[in-house]
Structures are given as C-alpha cells and as structure tokens.
Amino acid sequence: MNVASSFALLIAAAALTACATVRCEHFDIVVDAREERTRLITEPRGIRTDELGRVHRRPHDRLVPSYWVRSEDGHWHEVSEHVY
C-alpha cells in the first residue's frame, strides 16, 4: 500500500467516524404559539434557448407552507405538517 492510498483510507475512515457521531434526538417542548408561514421557492421547470442560442432555465415559482411553533422560552422551531 503506498502513501497516497493510505492517506485516502485514513481520510475515509475519519469521515465515516464523524458521520456516525451525528444523530437526531427528539425533544419535547411546551408550545406557546403556533404559526403557519408561506414561503416562495423557485424550481427549474425545464430549459429554453434565446435568440443567440444561450441556454436558460425556465423558473417556476411555487408557494410552500411551513409550520412553526414557539416554545415557552421564546425560540421558534420549524415542524412538519403532521406535528403541527
């Protein structure tokens, strides 16, 4: 095994170890307020070319709801529609 492959193996092992330490933890909060917000997202819906042959994306704007709850300590947390 040469030095380059040993180094690559060491980097891969470190990356996998770092990913293993990240985990989601559920926590309970007491809801003080609820709010449904709407945000605008732009998604590509294909491509087009202009008169000079340049390629452009065709954007598509869409309104997406997001659900938020405020805890007693004043912090806002985004939650899924099911939890809301």
Side-chain angles (χ1 to χ4, degrees):
M1 195 183 276
N2 60 17
V3 175
S5 61
S6 298
F7 184 70
L9 182 63
L10 179 65
I11 294 297
L16 290 175
T17 303
C19 290
T21 60
V22 177
R23 63 177 185 224
C24 294
E25 292 185 19
H26 295 279
F27 60 94
D28 296 326
I29 62 171
V30 177
V31 176
D32 185 40
R34 296 175 9 160
E35 190 171 297
E36 181 178 349
R37 303 175 187 171
T38 304
R39 59 188 165 106
L40 178 70
I41 62 169
T42 302
E43 298 175 332
R45 180 175 274 186
I47 57 172
R48 64 176 177 84
T49 56
D50 63 7
E51 302 82 30
L52 300 176
R54 294 179 292 207
V55 177
H56 298 280
R57 290 185 190 168
R58 281 184 40 203
H60 173 68
D61 294 332
R62 190 166 65 113
L63 295 174
V64 178
S66 60
Y67 305 97
W68 295 80
V69 294
R70 186 177 66 203
S71 60
E72 288 182 325
D73 61 357
H75 291 96
W76 285 94
H77 305 277
E78 187 172 13
V79 297
S80 67
E81 182 180 8
H82 175 72
V83 172
Y84 185 74

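Residue R37 comes nearest to E35 through the heavy atom pair NE-OE2, 2.7 Å, listed as atom of the first residue, atom of the second, then distance. Contact between D50 and H56 at its shortest, heavy atoms only, is OD2-NE2, 3.2 Å. Here the closest non-hydrogen pair linking S71 and D32 is O-CB, 3.7 Å.
Between the CZ atom of R62 and the CZ atom of R39 there is a distance of 9.0 Å, given to the nearest 0.5 Å. In this structure, the separation between NE2 on H77 and CZ on R70 is 11.0 Å, given to the nearest 0.5 Å.
Side-chain contact between L63 and L40 is present, with heavy atoms from C-beta onward closer than 4.5 Å.
At a threshold of 4.5 Å between side-chain heavy atoms, the hydrophobic network of Ile, Leu, Val, Met, Phe, Trp and Tyr places V79 and V31 in one connected group. No continuous path of ILVMFWY side-chain contacts below 4.5 Å connects Y67 to W76, so the two sit in separate hydrophobic clusters.
Counting heavy-atom neighbours within 6.0 Å of R58 CZ, excluding the residue itself, gives a total of 12 or less.
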